[in-house]
Amino acid sequence: MNKRTHTCGELTSTSINEKVSLSGWVNAVRFHGQVVFVDIRDRYGKTQIVYNQDSFNGDFELVKKLSMEDVLSVTGVVQKRDKNAINPNIATGEVEVIVSDHEILNESAPLPFMITDRNSAEEDLRLKYRFLELRTNELQNNIKVRHRTYQAVRTFLSNNDFLEVETPVLMKSTPEGARDYLVPSRIHNGKFYALPQSPQMYKQLLMVSGFDRYFQIVKCFRDEDLRADRQPEFTQIDIEMSFVDENDVMAKCEELTSTIFKEVKNIDLVKPFPKMTYADAMSKYGTDCPDLRYDLFLNDFKPFSDKSDFKAFSSAESVMGIIVPDGAKYSRKEIELLTEHVKRYKAKGLAWMKADEGKLNGGISKFFDDDLQIQIRKKFNINDGDILFIIGDKNKITQLSLGSLRIAIARKEGFVKSTDFKPVWITDFPMFEYNDEDKRYHSLQHPFTQPKSNDLKKLKESPEAIPSKQYDLIINGYEVAGGSVRIHNSEQQKIIFDILGIDKKEAKERFGFFIDALKYGTPPHGGIAFGFDRLVMLLAGTSNIRDVIAFPKTTSAMSLMDGAPSSVFQDQLKDLGIQIKK
């Protein structure tokens with residue numbers, strides 16, 4: 001193999017007449033009689049190389065047998081391309097290399113799909129041959145974006161006095177929220193470690209230890225139902241700070257986020273980021289992850305439905321609607337599909353009315369008299385050609401189903417541009433949610449979040465009425481980061497456990513070491529965790545988190561490439577004291 005003198009993305013007109021050596025993969029082959037043109041590729045780019053039977057020193061018949069993804073090492077002289085053969089779309093497009101010698105380093109087997117066309121195969125096949133899919137331009141660029149994001153994060157935080165500290169991967173199981181991934185101990189049979197869902201308690205303990213600014217780019221693991229923007233193992237930018245309040249943490253994270261977007265994509269985000277309460281986000285957008293790139297809002301329709309003859313909404317806790325510009329074009333079939341969509345969110349149905357010639361027609365319009373229709377059109381600024389969709393139900397069902405409909409319509413109508421980025425902070429989350437199934441309260445984030453009140457009596461009496469010091473950073477409808485100011489008082493922590501139904505014995509068993517630490521001069525502190533993969537997904541301009549992870553799992557938590565999870569040998573199970581029940 002000739003030693004590589006240049007990469008395949010490096011040669012320009014300044015290199016003309018130089019003797020060079022390139023190594024890479026065959027990206028394309030074009031036969032023209034006694035001349036063969038080959039595009040050779042590495043991760044830096046492509047270069048056209050030319051085999052001429054008169055000047056090539058090797059076996060020209062072997063050149064004719066070159067196939068896609070063969071690995072080549074070539075030596076030759078750089079020359080300028082003919083004027084009509086210049087390719088302005090690549091950095092090396094003005095030149096080509098006239099090959100004098102080459103070595104075929106490795107021949108490729110027939111490909112399961114075309115590397116030059118990622119969409120030529122279904123995702124399952126591409127994941128099975130992920131090492132080939134990673135050669136595609138799209139994924140090569142995504143991994144570069146991921147790398148640049150790593151570097152931007154580390155540089156910014158290091159320059160702002162944050163210390164990078166590694167926390168354990170094998171830790172005590174403290175189930176809260178998603179299920180833990182458990183690791184059996186061979187030495188201590190019958191006992192288990194857990195893989196961290198987040199280094200939550202460790203980073204708080206680092207604040208107790210006096211490290212007032214900590215960060216870590218860390219792997220986390222959650223055994224939960226998956227979707228396009230979730231993975232069983234994922235990466236977080238974990239941050240914690242002492243002697244801060246919510247605004248301090250949010251301000252520093254705005255600086256970090258703006259730096260990342262500027263350095264990775266040369267995009268200037270508008271600062272300061274807007275803030276919105278959880279209640280406003282739910283009532284206006286139907287979600288706590290609002291996408292601000294388009295104006296399609298939820299409106300309170302109950303004052304009008306109560307005056308109408310449409311009795312199906314009369315007992316509904318909440319009646320809300322959204323107006324879709326030019327939506328009157330929707331056919332009955334399209335409306336039925338949207339109805340099925342909202343039913344997934346427990347809505348009983350989807351009412352509608354179309355605006356035409358100064359009136360509301362179709363759907364439930366006959367239940368609204370002319371005067372009421374005039375009021376509705378004036379209140380919501382409904383124009384001819386628009387459609388009004390309405391849902392009435394429990395408040396949460398109404399908000400969530402209309403919020404999802406809002407997103408579905410925005411995608412259907414192409415309201416959003418992938419090049420726009422609209423961040424927003426969501427604040428004042430409820431501390432708790434009551435679960436009817438197990439008849440107890442659950443933390444909306446985690447049990448170490450501080451309430452927005454020092455009135456412990458009121459907290460005990462009305463848990464749902466007290467907001468928390470939680471804050472989420474949302475960009476384009478995705479939760480990019482979430483955090484809170486933490487409890488640093490052991491008495492307050494005890495009350496939170498009481499509300500959650502965690503008694504003293506259970507609290508000591510699950511969190512004893514942490515509760516003890518709070519007694520020893522714990523400073524006020526707060527932090528945040530960025531979903532690193534999700535952030536890179538936005539920066540890379542894709543909607544699938546698997547596109548920015550080198551070796552991801554499927555939505556059923558499987559690795560199709562290596563077959564994980566897999567069975568293990570009986571001897572391994574015996575060492576661990578484990579027996580599989582079938």
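Side chains are part of it too, since the values below use all heavy atoms of this structure and drop only hydrogens, waters and symmetry mates. Position 1 is the first residue of the sequence; numbering continues from there.
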Trainee: Checking F551 now: which residues fulfil ring pair (Phe, Tyr, Trp, His ring centres under 6.0 Å) with it, not counting sequence neighbours?
Mentor: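 So F551 forms no ring pair (Phe, Tyr, Trp, His ring centres under 6.0 Å) with any residue.
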Trainee: What I'd like to find out is whether the side chain of P552 reaches to under 4.5 Å of the side chain of R130, using heavy atoms alone.
Mentor: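 A side-chain contact under 4.5 Å exists here.
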Trainee: Roughly how far, to the nearest 0.5 Å, is the CZ atom of F497 from the CD1 atom of I487?
Mentor: 7.5 Å
Trainee: Can a donor-acceptor pair be found, under 3.5 Å and without considering hydrogens, that links the side chain of S404 to the backbone of S401?
Mentor: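 Not a single qualifying donor-acceptor pair exists.
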Trainee: Once you round to the nearest 0.5 Å, how far does CG of L360 lie from CG of D370?
Mentor: 9.5 Å
Trainee: As a quick check of understanding, evaluate side chain to side chain contact (heavy atoms under 4.5 Å, CB included) for I502 and R510, giving each step before the final call.
Mentor: CA-CA 10 Å; I502 300 173; R510 289 171 60 181; 4.1 Å; yes
Trainee: Is a donor on one side and an acceptor on the other found under 3.5 Å between the side chain of Q140 and the backbone of L134?
Mentor: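 The answer is yes, because a donor-acceptor pair under 3.5 Å joins these two groups.
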Trainee: When F532 is tested against each of Y150, F215, F234 for ring-ring contact (aromatic ring centres under 6.0 Å, His included), which residue passes?
Mentor: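 Answer to the ring-ring contact (aromatic ring centres under 6.0 Å, His included) test with F532 among Y150, F215, F234: Y150.
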Trainee: Salt bridge or not between D498 and K494? Use side-chain N to carboxylate O under 4.0 Å.
Mentor: yes
Trainee: Do the non-hydrogen side-chain atoms of D180 and L195 ever get within less than 4.5 Å of each other?
Mentor: no
Trainee: Can a donor-acceptor pair be found, under 3.5 Å and without considering hydrogens, that links the side chain of Q399 to the backbone of G286?
Mentor: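 No; judged by distance alone, with no hydrogens or angles, the pair does not exist.
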Trainee: R534 side chain to V480 main-chain N or O, any donor-acceptor pair under 3.5 Å?
Mentor: no
Trainee: Is the backbone of F297 close enough, under 3.5 Å, to the side chain of N299 for a donor and an acceptor to pair up by distance?
Mentor: yes
Trainee: Do you know the tightest heavy-atom contact between T235 and D533?
Mentor: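 Heavy atoms of T235 and D533 come nearest at N-OD2, 2.8 Å.
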Trainee: Counting C-beta onward and ignoring hydrogens, is there a side-chain heavy-atom pair between P290 and V424 closer than 4.5 Å?
Mentor: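 A side-chain contact under 4.5 Å exists here.
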Trainee: Salt bridge (charged side-chain N to carboxylate O under 4.0 Å, His left out) for D306 and K302? Distances and angles first, verdict last.
Mentor: CA-CA 6 Å; D306 284 350; K302 192 165 178 59; 3.3 Å; yes
Trainee: Applying side-chain contact (heavy atoms from CB on, under 4.5 Å), can you list everything that pairs with K265, at least two apart in sequence or on another chain?
Mentor: I267, L539
Trainee: Can you check whether M201 reaches F448 side chain to side chain, under 4.5 Å on heavy atoms?
Mentor: yes
Trainee: Run the salt-bridge test on E123 and R126 with the 4.0 Å N-O cut-off and return the result as yes or no.
Mentor: no
Trainee: Assess the residue pair D420 and R293 against the criterion (salt bridge (charged side-chain N to carboxylate O under 4.0 Å, His left out)); give the C-alpha distance rounded to whole Å, side-chain angles, the decisive distance to 0.1 Å, and a yes or no.
Mentor: CA-CA 7 Å; D420 291 341; R293 290 176 295 173; over 6 Å; no
Trainee: Between the main-chain N or O of K422 and the side-chain N or O of N476, is there a donor-acceptor pair closer than 3.5 Å?
Mentor: yes
Trainee: Ion pair present between K252 and E255, side-chain N to carboxylate O less than 4.0 angstrom?
Mentor: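 Looking at E255 together with K252, the answer is yes, because their closest N to O distance falls below 4.0 Å.
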Trainee: Tell me whether the count of non-hydrogen atoms from other residues, nucleotides or ligands lying under 6.0 Å of NZ in K219 goes above 12.
Mentor: yes
Trainee: Tell me which pairs pass ring pair (Phe, Tyr, Trp, His ring centres under 6.0 Å) where either residue lies in residues 310-348, with sequence neighbours left out.
Mentor: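 Those involving residues 310-348 are F310-F313, F310-F367, H341-Y345.
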Trainee: Give a yes or no on this: more than 12 heavy atoms of other residues, nucleotides or ligands lie within 6.0 Å of atom NZ of K275.
Mentor: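 For K275, atom NZ is crowded (more than 12 foreign heavy atoms under 6.0 Å).
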Trainee: Is H446 close to S484 at the side-chain level, that is, under 4.5 Å between some pair of heavy atoms?
Mentor: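 SC-SC contact between S484 and H446 confirmed.
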Trainee: With sequence neighbours left out, write down each residue that passes salt bridge (Lys or Arg N to Asp or Glu O under 4.0 Å) with K394, or none if nothing qualifies.
Mentor: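 By the salt bridge (Lys or Arg N to Asp or Glu O under 4.0 Å) rule, K394 matches no residue at all.
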Trainee: Less than 4.5 Å apart, side chain to side chain, heavy atoms only: is that true for S258 and F273?
Mentor: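 Contact flag for S258/F273 side chains = yes.
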Trainee: Going by salt bridge (Lys or Arg N to Asp or Glu O under 4.0 Å), name the residues that satisfy it together with K271, two or more places apart in sequence or in a different chain.
Mentor: none
Trainee: Could you walk me through whether D547 and R146 pass the salt bridge (charged side-chain N to carboxylate O under 4.0 Å, His left out) check?
Mentor: CA-CA 11 Å; D547 288 348; R146 189 179 180 99; over 6 Å; no
Trainee: How close do F301 and L388 get, counting heavy atoms only, and between which atoms?
Mentor: CE1-CD2, 3.7 Å
Trainee: If you count the non-hydrogen atoms of other residues, nucleotides and ligands that lie under 6.0 Å from CD in E317, is the total more than 12?
Mentor: yes
Trainee: Quiz question: by atom type and distance under 3.5 Å, do the side chains of E246 and T427 form a donor-acceptor pair?
Mentor: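 No, T427 and E246 have no side-chain donor paired with an acceptor closer than 3.5 Å.
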Trainee: Taking the side chain as everything from C-beta on, heavy atoms only, tell me whether I407 gets closer than 4.5 Å to D291.
Mentor: no
Trainee: Assess whether a salt bridge exists between R118 and E133, defined as any Lys/Arg side-chain N lying under 4.0 Å from an Asp/Glu carboxylate O.
Mentor: yes
Trainee: What I'd like to find out is whether the side chain of L157 reaches to under 4.5 Å of the side chain of I237, using heavy atoms alone.
Mentor: yes
Trainee: Would you find a donor on one side and an acceptor on the other, under 3.5 Å apart, between the side chain of S120 and the backbone of D117?
Mentor: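 Confirmed, S120 side chain pairs with D117 backbone.
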Trainee: Determine yes or no for a side-chain-to-main-chain donor-acceptor pair under 3.5 angstrom, with K354 supplying the side chain and A328 the backbone.
Mentor: yes
Trainee: Give me the atom names and distance for the closest heavy-atom approach of I528 to A481.
Mentor: CD1-CB, 3.7 Å
Trainee: What closest approach, in Å, do T398 and D393 show between heavy atoms, and which atom pair accounts for it?
Mentor: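 Minimum heavy-atom contact is OG1-N, 3.1 Å.
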Trainee: Which value, rounded to the nearest 0.5 Å, describes the distance between K458 atom NZ and I466 atom CD1?
Mentor: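 These two atoms lie 4.5 Å from each other.
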Trainee: Check the surroundings of atom NZ in K379: do more than 12 heavy atoms from other residues, nucleotides or ligands lie under 6.0 Å from it?
Mentor: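 At most 12 heavy atoms, drawn from other residues, nucleotides or ligands, come within 6.0 Å of this atom.
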Trainee: Hey, is OH on Y193 packed in by over 12 heavy atoms from elsewhere, all under 6.0 Å?
Mentor: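 Atom OH in Y193 is not crowded, with 12 or fewer foreign heavy atoms closer than 6.0 Å.
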Trainee: Determine whether I474 and T287 satisfy the following criterion, side chain to side chain contact (heavy atoms under 4.5 Å, CB included), listing intermediate values before the conclusion.
Mentor: CA-CA 11 Å; I474 312 301; T287 175; over 6 Å; no
Trainee: Backbone N or O of H488 within a donor-acceptor pair of the Q204 side chain at under 3.5 Å?
Mentor: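 Flag not set: sc Q204 to bb H488 has no pair under 3.5 Å.
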Trainee: Over all heavy atoms of both residues, which pair between E479 and C289 is shortest? Give the atoms and the distance, please.
Mentor: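 In terms of heavy atoms, the two residues are closest at CB-SG, 4.0 Å.
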Trainee: Applying ring pair (Phe, Tyr, Trp, His ring centres under 6.0 Å) as the test, list every pair that has at least one member in residues 397-422; sequence neighbours left out.
Mentor: F261-F421
